[in-house]
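Taking it in order: structure first as structure tokens, then the write-up.
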Amino acid sequence: MFSIILRNISLLAYLFIVSYFFSNWSKTVKKHSKFYKITWTALIFLVVIASTLSSIYFTHSNLPYINLLLSVILIYSVAMLHSVPYLDSVVWTITLISMNLICEVLSLYLTKMIISTGSASYDNPTFAIVSISFTTLIELVGIVIIKFSIVKGNDSKLSTSLTSTLFLISIPVLSIIILFSLLMRHDHSGSNQVSEAAITSSVIILNVCVIFLYKITIEHQKQQYDISLNKKNIETEHRILNEMKKNRSNVLKLKHDLKNQYLTILGLIENEELNEAIDYIKGSFDILEPPTKTYASDGVLNYLLNEKLAEAEKNQISVDNQIFISKNIKINNDVLAIVIGNVIDNAMQASMRIEPENRKVNIVIKQFNNDLLVEVSNNFNPEEVSTRTHRKEEGLGMKNIDGLLQQIGGIYRHWTEEGKYFVTVVVFNVYQKK
């Protein structure tokens with residue numbers, strides 16, 4: 001019973017340490033605090049139940065393997081609970097497992113220095129308590145150091161690529177195998193102490209290098225994201241400037257044409273050709289129509305929609321749009337350029353790969369309190385579900401959307417149904433009052 005209680009306390013302490021480590025990522029957890037508390041309570045309950053049952057139904061020799069499996073599930077679950085990106089969760093799960101084993105090896109050496117060799121067994125309550133205390137203390141110190149030196153500045157929430165993930169976890173996986181083998185050995189003879197210490201030191205150095213390499217990788221991803229974001233902003237501003245120049249040119253042209261039209265009307269009236277003058281005035285109304293349609297009160301969004309819908313018409317794509325947003329609110333330009341622009345672009349590009357008669361896109365942009373809902377659906381070629389799977393992860397536009405949503409807070413979902421591709425994006429606190 002004592003060993004079961006001690007094991008449960010150890011796992012719960014580790015649970016809170018891991019949760020503290022991942023707390024940097026959880027900017028949007030506060031919006032769903034009730035769900036978070038329920039999930040957290042359920043996770044604690046499941047950890048205790050799983051630990052207790054495994055201690056009862058599995059032999060002592062199998063418990064280390066069960067502990068390793070529970071630790072993997074525990075770390076990954078906590079990472080998901082704190083909204084850590086999937087691939088980053090894999091990297092940190094493997095790295096923290098490796099770190100945990102390093103702490104256990106170090107605590108084992110320290111405990112053996114304090115307690116006599118004859119009592120150096122986990123069956124000895126004193127040895128077990130001291131060893132687990134050392135493990136928890138060393139792990140807490142290590143977590144705090146990594147959190148404030150590596151993770152603290154990681155507020156971009158950008159995820160590593162699949163290639164980087166496989167490269168980063170290779171050393172921690174090898175470290176887990178080596179350290180787990182050391183811990184599973186029952187005989188630690190004096191002749192092996194030096195070699196084991198050398199192996200442990202090498203593993204520690206390699207894992208520290210991996211952690212710093214992760215930091216460099218994320219910083220590089222952030223630089224790429226910032227460059228892409230700035231490029232999108234510049235392109236948007238350039239288009240707006242061109243539209244302003246175009247509008248000014250239209251005004252000058254209208255002024256010139258109106259002068260000539262007034263002279264023509266005056267001539268028709270003087271010649272008492274009233275019917276011709278009336279017809280001419282009616283015909284001249286065409287040049288007074290605005291060059292763009294009004295879809296939204298936000299000027300940048302209106303221009304963006306006009307450009308996209310004009311491009312859709314040019315490519316024989318039928319577009320149905322529903323825009324419902326407040327007149328007194330201005331949408332963040334990053335959301336316009338990256339989220340709305342990329343989602344509509346993806347829908348139109350997918351439509352252009354099918355027959356013209358089937359090209360149809362539906363766009364819905366709605367305001368819910370202080371959040372923005374964007375729903376886009378389009379017909380597509382069902383074969384692309386398998387032939388273009390890599391684009392879901394490797395497409396630069398998708399990475400930009402994921403990066404922005406994770407940074408400012410948002411939800412992104414996509415699915416297929418009956419030959420249609422659906423995308424739903426909800427961006428939290430996206431509006432800026434004018």
Side-chain angles (χ1 to χ4, degrees), residues 27-28 30-32 35 229 232-233 235-237 239-240 243-244 247 289-351 358-380 397-398 400-434:
K27 288 185 177 180
T28 60
K30 292 180 180 179
K31 294 183 69 67
H32 310 283
F35 170 78
L229 179 61
K232 284 284 185 182
N233 287 336
E235 288 175 353
T236 302
E237 291 174 2
R239 289 174 182 173
I240 294 172
E243 181 69 13
M244 292 173 64
N247 289 340
E289 293 182 0
T292 58
K293 296 181 180 179
T294 302
Y295 297 99
S297 58
D298 187 290
V300 180
L301 174 59
N302 193 63
Y303 173 74
L304 179 68
L305 290 174
N306 271 282
E307 288 292 309
K308 299 302 180 185
L309 295 180
E311 183 181 346
E313 184 178 359
K314 187 186 300 182
N315 291 290
Q316 298 178 294
I317 301 174
S318 173
V319 179
D320 180 24
N321 62 86
Q322 303 172 50
I323 316 296
F324 304 101
I325 59 175
S326 172
K327 294 181 179 180
N328 301 319
I329 291 178
K330 186 181 187 305
I331 302 175
N332 185 305
N333 285 336
D334 290 348
V335 176
L336 291 172
I338 295 176
V339 178
I340 299 178
N342 276 320
V343 169
I344 296 177
D345 283 344
N346 291 342
M348 291 201 301
Q349 288 169 8
S351 298
N358 295 325
R359 296 175 183 175
K360 187 173 182 180
V361 175
N362 185 63
I363 302 171
V364 177
I365 303 176
K366 296 180 180 179
Q367 172 190 351
F368 286 101
N369 297 324
N370 205 35
D371 301 334
L372 178 72
L373 169 68
V374 180
E375 293 182 339
V376 177
S377 62
N378 60 276
N379 295 335
F380 79 111
M398 303 307 297
N400 288 339
I401 293 174
D402 287 337
L404 180 64
L405 291 179
Q406 292 177 19
Q407 183 178 359
I408 67 176
I411 301 172
Y412 171 78
R413 296 288 183 269
H414 59 89
W415 70 95
T416 60
E417 184 178 328
E418 297 180 355
K420 280 193 172 185
Y421 188 86
F422 295 84
V423 172
T424 297
V425 178
V426 178
V427 188
F428 305 133
N429 301 316
V430 72
Y431 293 104
Q432 302 172 347
K433 289 189 177 181
K434 294 181 178 178

| request: Apply side-chain contact (heavy atoms from CB on, under 4.5 Å) to the pair D345 and K308, showing each step before the final yes or no. | output: CA-CA 8 Å; D345 283 344; K308 299 302 180 185; 2.7 Å; yes
| task | Check step by step if side-chain contact (heavy atoms from CB on, under 4.5 Å) holds for N321 and L305. | result | CA-CA 9 Å; N321 62 86; L305 290 174; over 6 Å; no
| field | Over 12 non-hydrogen atoms of neighbours within 6.0 angstrom of CD in Q322 | value | yes
| Got a sec, which residues hit side-chain contact (heavy atoms from CB on, under 4.5 Å) with E313, two or more places apart in sequence or on another chain? | none
| Can you list the residues that meet the side-chain contact (heavy atoms from CB on, under 4.5 Å) rule with N379, with sequence neighbours excluded? | I354, K360, K420
| field | Any residue meeting side-chain hydrogen bond (donor to acceptor under 3.5 Å, both in side chains) with N358, in chain and number order, not counting sequence neighbours | value | none
| task | Sequence neighbours left out, what passes side-chain contact (heavy atoms from CB on, under 4.5 Å) with E417? Give chain and number order. | result | W415, F422
| task | Give the ring-plane orientation class for Y421 versus H414, where under 30° counts as parallel, over 60° as perpendicular and anything between as tilted. | result | parallel
| request: Measure across T424 and E375 and return the closest heavy-atom pair with its distance rounded to 0.1 Å. | output: OG1-CG, 3.9 Å
| When rounded to the nearest 0.5 angstrom, what distance separates CD1 in I317 from CD1 in I344? | 11.5 Å
